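Read the structure below first, then the notes.
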Amino acid sequence: MTDTQNGEIGIEEVRVELPGRAYPIRIGAGLLARFGAEVAPYLNRQRLFVVTDRTVAGLHLDTLRNACAAEGISVEALALPPGEATKSWAELQHVVEWLLEMRAERDDIVVALGGGVIGDLTGFAAAIMRRGIGFVQVPTTLLAQVDSSVGGKTAINSPLGKNLVGAFYQPKLVVADTGILDTLPRRDFLAGYGEVMKTGLLGDADFFAWLEANGPALRDGDAAARRHAVRRSCEMKAAIVTRDETEQGDRALLNLGHTFCHALEAATGYSDRLLHGEGVAIGCGLAFEVSQRLGLCPQEDPGRVFAHMAAMGLKAKLSDIAGALPGPDALIDLMRQDKKVRDGAITFILARGIGEAFVARDVDLAPVRAVLVDALATQENA
Ligand code: NAD
Ligand code: GLY
């Protein structure tokens, strides 16, 4: 993994060094306006296929088109409805058949221009289209820039659960224009920040301390702080994915907060009562509470995590989720549906301190239940 800094326009590069499939993540404000030049080395012919959602298309597709036109590259685009429901069998068929109708060839490139929904769907379509067509990620949400566009997890949802159908399929290039985040609604920005915070909490105490100092400026538009946060998150994810592409070990650390998050997402019907990144942030706080009750991490760590969430204006408590939630036993039952369950045992990512997460199997569920009872009491008292 290497970083370079182009002092002139402030572009940084992180590399995912997977043998035979290494790729760069380009990071910086204004990259979309020079996307044609960025993507040109990857093209076999001067034609690109772009999948996006209608909101992102309205805001950013013309910039991409103009940048490509400047390099003589023509663009065919498909704009889908925004929202999680687009990660469906029906839209997967839609994308694949559109690419076939457009006569996209195996050596062509399909670009995902959007958040995690468009990236996950388009990546999976690229994986199965002619047994694998070239794929480039242009993430437009903070969540997608720091997490979902990197590492090759692609998926759609089944009526039986989230992300249950998919493939590991790496992009050839990721272009993260941090300036694009200026149009992102504040709630989506903060949800993405949940994944940034997770990255510090799982493996880099200094980065978490940097976030405590710089998070509010980053949230309020500081371009250099945004670029640094995206770069550091990508560096850490790239290192983990390079060690463990298909989640046989270390990659599970990226699921810090997710066991709680998945139960809360299921309990709220995958609706906008709780965005994924909001659930991750709350889940990180609860994972630190459990770690502290098990005597694993210092007494003060959960308080520090919750204090940072409050300072950022993130949802931090279960009472911040609108509407009623099921009880502790029902939530633990929902955790049993998690993809990380092995022989019926729920896997948790716990921590020995900030920046020191580890994978914990066979966790005693009594402290987990006790933490949920206390957390749910904040809802009842709200
Ligand atoms: P999203 O793709 O639904 O985007 C959120 C909203 O922001 C959408 O309404 C979208 O239209 C809008 N939007 C996107 N970019 C914008 C911009 N620049 N300006 C204005 N509006 C913009 O949601 P998300 O939070 O990016 O991604 C969530 C998805 O990511 C979930 O399906 C989750 O499962 C998946 N995910 C995947 C991975 C992975 O490793 N593959 C990791 C984490 C999450
Ligand atoms: N977002 C978790 C992973 O990519 O493994």
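Every number for a ligand or one of its atoms is a count from 1 in the order of the listing. Side chains included, hydrogens not; waters and symmetry mates left out as well; all remaining heavy atoms used. Remember, predicted model here, so these are calculated numbers, not experimental data. FYI, the numbering just counts along the sequence from 1.
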Flag for N163-K153: side-chain donor and acceptor within less than 3.5 Å = no
Provide, line by line, the atom pairs where ligand 2 and the protein bring an N/O atom each to a distance under 3.5 Å; else say none.
unit_1	atom_1	unit_2	atom_2	d
ligand 2	1 (N)	D147	OD1	3.1
ligand 2	1 (N)	D147	OD2	3.4
ligand 2	4 (O)	K237	NZ	2.6
ligand 2	4 (O)	R251	NH2	2.8
ligand 2	5 (O)	K153	NZ	2.9
ligand 2	5 (O)	R251	NE	2.7
ligand 2	5 (O)	R251	NH2	3.4

Say whether T178 and R227, considering side chains only, have a donor N or O and an acceptor N or O under 3.5 Å apart.
-> no
Under a 3.5 Å threshold, I'd like every N/O contact between ligand 1 and protein atoms, with atom names and distance.
unit_1	atom_1	unit_2	atom_2	d
ligand 1	2 (O)	G116	N	3.2
ligand 1	2 (O)	V117	N	3.1
ligand 1	11 (O)	D53	OD1	3.2
ligand 1	11 (O)	D53	OD2	2.7
ligand 1	15 (N)	T140	O	3.3
ligand 1	15 (N)	T140	OG1	2.7
ligand 1	18 (N)	T140	O	3.0
ligand 1	18 (N)	I180	O	3.2
ligand 1	18 (N)	T183	OG1	3.2
ligand 1	19 (N)	T183	O	3.2
ligand 1	19 (N)	T183	OG1	2.7
ligand 1	26 (O)	G116	N	2.8
ligand 1	26 (O)	T141	OG1	2.6
ligand 1	27 (O)	G116	N	3.2
ligand 1	32 (O)	E84	OE1	2.7
ligand 1	32 (O)	E84	OE2	3.1
ligand 1	32 (O)	K87	NZ	2.8
ligand 1	34 (O)	K87	NZ	3.1
ligand 1	34 (O)	K162	NZ	3.0
ligand 1	34 (O)	N163	ND2	3.4
ligand 1	41 (N)	D120	OD1	2.9
ligand 1	41 (N)	K153	O	2.9

Q292-E300 side chain donor-acceptor pair, cut-off 3.5 Å = no
Regarding H60 and T183, is there a side-chain donor-to-acceptor distance under 3.5 Å anywhere?
-> yes
Measure the acute angle between the ring planes of F208 and H308, then classify it against the limits of 30° and 60° as parallel, tilted or perpendicular.
-> perpendicular
Verify the distance criterion only: is there a donor paired with an acceptor across the side chains of T246 and Q248 at less than 3.5 Å?
-> yes
Verify the distance criterion only: is there a donor paired with an acceptor across the side chains of E195 and H276 at less than 3.5 Å?
-> yes
Could you tell me which non-hydrogen atom of L173 sits nearest to which non-hydrogen atom of Y23, and how far apart they are?
-> N-CB, 4.2 Å
CG (D362) with more than 12 external heavy atoms under 6.0 Å = no
